Amino acid sequence: MCGMASAETTRASVHEPDPVRPTHEDGVAAAGSELIGGPLGRRALLGASRWTPVRVIALVAIGMFALGLVQKAPCYNGAWFFGASSQYTHACYSDIPHLYQGRGFADGLVPYFDKLPGDMQYLEYPVLTGVFMEVASWLTPGSGTIQDQEQWYWMVNAGMLMVCASIIAVCVTRTHARRPWDGLLVALAPAFALTATINWDLLAVALTAAAMLMWSRGRSLAFGVLLGLATAAKLYPFLILGPLLVLCWRAGKWRAFGTALGGAIVAWVVVNGPVMLFAFEGWSKFYTFSQERGVDFGSFWLIMAQNSDNPLSTDTVNTLATLLMLVCCAGVAALALAAPRRPRFAQLAFLIVAAFILTNKVYSPQYVLWLVPLAALARPKWRDFLIWQTCEVAYFLGIWLYLAYTTSGDAHRGLPTDGYHWAIGLHLLGTLYLCVMVLRDIFMPERDPVRRSGDDDPSGGVLDGADDVFVIGPAARSRRRHAAAGFDGPPVEWGKQAATDGSL
C-alpha cells in the first residue's frame, strides 16, 4: 500500500508541480501562521479537505470586507448626515450616500442624459460605473426619509461591491496556479477593507483582476473584453496594455496581443458608443472634469502648491504630469525590452499603474485598490506588502484627520497641513518602496519569490516560457555572444528549463 501511494505521488509530481507554500519560504507568513497552528508539516494531507485555498481566501475576503462595513458604522448611524466634520473624525467617509441625492439618483434622473442641478451638470464617472450606480438606485427603496434612502443606497452598493471584492480575491488566487495562497495578501490587506466602500472603484478592479486571470490561461480575447469593460468603468486599466505590448513585442506574440487589443476596443465601444452617440455632453463630462480638475488631495503636486506663493496652473500641472507619465512609460518599455530576462507581466502592470498614481495630480484614498491585486501578483512577499500597507493606512487616517482639521472651524481638531504633507509623503514612499522591490526582482530574478520557486511567468499566458524574438541592450549583446559562439537555437528557455533542472 505504501509503495503504491509513493508511485502515485511520484507520477502526479511529474505533471502537476506541488503548490508553493508561503509558510515554507516567507518568514512573515510562517510567523503569522502560528495563530492557526503553524506551518504545514511534510505529512499534511493536502487536498483532503473541502477547504480549498480558493474557498478559504474568498471567505477571508468577505470577512475583512464585513469588518470594513463595521468601521463605517459611526457614519451610517449619523455622521454622514449630522455635522460637517464627524464623518472625518471617525474616518468613515464615503461618496456613495452623498451622491445618491447629489447626482440625481434620488430624483430618478438618468445619468448622462439628464442635467443635474448645481455646479456638476452631469455625472462625472465613466459609463459602466454610472450603470452600476444606476442599478443600485433601482434596488433602493424609494420610501422613507432621504436619510433612510441614502442608508439603503449605501447598503445595496456595499452588497454589490462585496461581490466584486470576492471576485478579486478568487481571481488573484487562481492566476498563479502554484501560488494560490498569495491571494491572502489581497484578502487580508487592511487598506483594501478600509477603502472598499468609499467609492465604486472595486468594479473596475474586479474586471481587471478577471482579465489578468484570463490572460494567464491564454485566453487573449476574454482578457481584452474584460479589460475593455474595466476601462469603461475606470480609466486606469487601459494602461496595462502598454506593458503587454512591449512584452509581446519581445516574445513575438503579436497575434495574441492583437486579439486582446481588438477585444478591448470592441468591449469599450459597445458600452460607451450608445451614450456617446445620444448624450455626448454627458458622456464627455468624466474626461473634461478630469482635465479641468485642479491639484487635489494626496499628490506631491498638492505639497508643492501649498508650499508655494505662486502655485502652478492646472494646465501646467496637466502638461508636467503627462510628461512625467510618458517618461515612466518609456522607462517601462525599455525595461521590458532590455532586461536580461523578460520581466513578468504582473511586474510591469504593477509598475505602470503605480507610476500613474505617483505622477497624477490627485490621489483619492480608494485608489490603493487599483494596486492591491497587482502588488500581490508582482511581489508576493508579506514583509514588503505589509510595509506598503502600513504607509497606506497611515495616509487613510491622515486625509480624514486633515479634513477634520479644515472643517472644524476655530477648534482645529485634527491634522494640520504640515502633518498631512507627512501623510502624503508616507504614501509616496511606501509605493516607491514596493516599486523598488519589484525592480530589484526584475534585475535579480533569483530574488523574485515567483521565479525562485521555479516558475517563469505564471500570469503571462502565452508569454510564459516563450523565447525572445526582439531584445535591446544587454539582452541583445547576450544573444550576439551566443550566436558568435555557434550556439544553435534560442539562448535561454526561461521557466521551462529552470523548472526542469531546478536552476534559478
Side-chain angles (χ1 to χ4, degrees), residues 19-40 49 51-72 91-92 158 161-176 178-198 201-202 205-206 208-209 212-213 346 350 354 365-397 426-427 430-431 433-434 437-438 449-450 459:
V20 175
R21 306 178 195 178
T23 54
H24 289 187
E25 64 171 25
D26 191 313
V28 176
S33 70
E34 296 296 337
L35 298 173
I36 55 173
L40 287 174
S49 170
W51 293 105
T52 63
V54 170
R55 293 175 182 176
V56 170
I57 291 168
L59 287 175
V60 172
I62 292 172
M64 286 293 290
F65 190 94
L67 290 177
L69 300 184
V70 172
Q71 191 267 335
K72 300 294 187 291
C92 55
L161 292 171
M162 184 172 65
V163 174
C164 293
S166 302
I167 291 172
I168 294 164
V170 169
C171 288
V172 172
T173 300
R174 298 185 65 187
T175 296
H176 288 178
R178 293 186 60 230
R179 305 184 59 91
W181 291 109
D182 290 342
L184 279 176
L185 291 164
V186 176
L188 291 173
F192 193 98
L194 290 171
T195 62
T197 57
I198 291 178
D201 294 63
L202 279 183
V205 179
T208 304
M212 295 288 290
L213 174 61
F350 171 82
Q366 73 273 10
Y367 288 3
V368 68
L369 299 170
W370 305 357
L371 285 178
V372 169
L374 297 175
L377 296 173
R379 177 66 179 167
K381 194 74 174 176
W382 278 94
R383 181 201 64 184
D384 299 329
F385 190 86
L386 291 176
I387 289 173
W388 170 57
Q389 283 289 291
T390 300
C391 295
E392 292 296 335
V393 171
Y395 176 73
F396 174 84
L397 297 174
L426 274 176
H427 144 66
T431 305
Y433 169 77
L434 204 54
M437 292 297 101
V438 172
V450 176
S459 62

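Not measured: the values here are computed from a predicted model. Values reported hereafter were calculated over all heavy atoms of this structure, with side chains retained and with hydrogens, waters and symmetry mates removed.
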* Which value, rounded to the nearest 0.5 Å, describes the distance between Leu377 atom CG and His176 atom NE2? -> 4.5 Å
* **Atom pair OG1 (Thr208) and CD1 (Ile167), whose distance is rounded to the nearest 0.5 Å** => 12.0 Å
* CD1-CG distance between Ile62 and Leu67, expressed to the nearest 0.5 angstrom -> 12.5 Å
* **Residue pair Asp384 / Tyr433, side-chain donor-acceptor N/O under 3.5 Å** => yes
* How many angstroms lie between CG in Leu185 and CD1 in Ile57, if you round to the nearest 0.5 Å? -> 9.0 Å
* To do: Please work out whether the ring planes of Phe385 and Trp388 are parallel, tilted or perpendicular, with thresholds of 30° and 60°.
  => perpendicular
* Structure fact -> One should read off an interatomic distance between Thr197 OG1 and Lys72 NZ, to the nearest 0.5 angstrom, of 4.0 Å
* Might you work through the side chain to side chain contact (heavy atoms under 4.5 Å, CB included) test for Val368 and Phe396, ending with a clear yes or no? => CA-CA 10 Å; Val368 68; Phe396 174 84; over 6 Å; no
* Shortest non-hydrogen separation from Ala376 to Val172 and the atoms involved -> CB-CG1, 4.1 Å
* Distance in Å, Ile198 CD1 paired with Cys92 SG, rounded so as to fall on 0.5 Å steps -> 10.0 Å
* List the steps, then state whether side chain to side chain contact (heavy atoms under 4.5 Å, CB included) holds for Gln389 with Val372. => CA-CA 9 Å; Gln389 283 289 291; Val372 169; 4.0 Å; yes
* To do: Any chance you could lay out the side chain to side chain contact (heavy atoms under 4.5 Å, CB included) test for Thr431 and Tyr395, step after step, and finish with the verdict?
  => CA-CA 12 Å; Thr431 305; Tyr395 176 73; over 6 Å; no
* Asked: Between the main-chain N or O of Ala91 and the side-chain N or O of Gln71, is there a donor-acceptor pair closer than 3.5 Å?
  -> yes
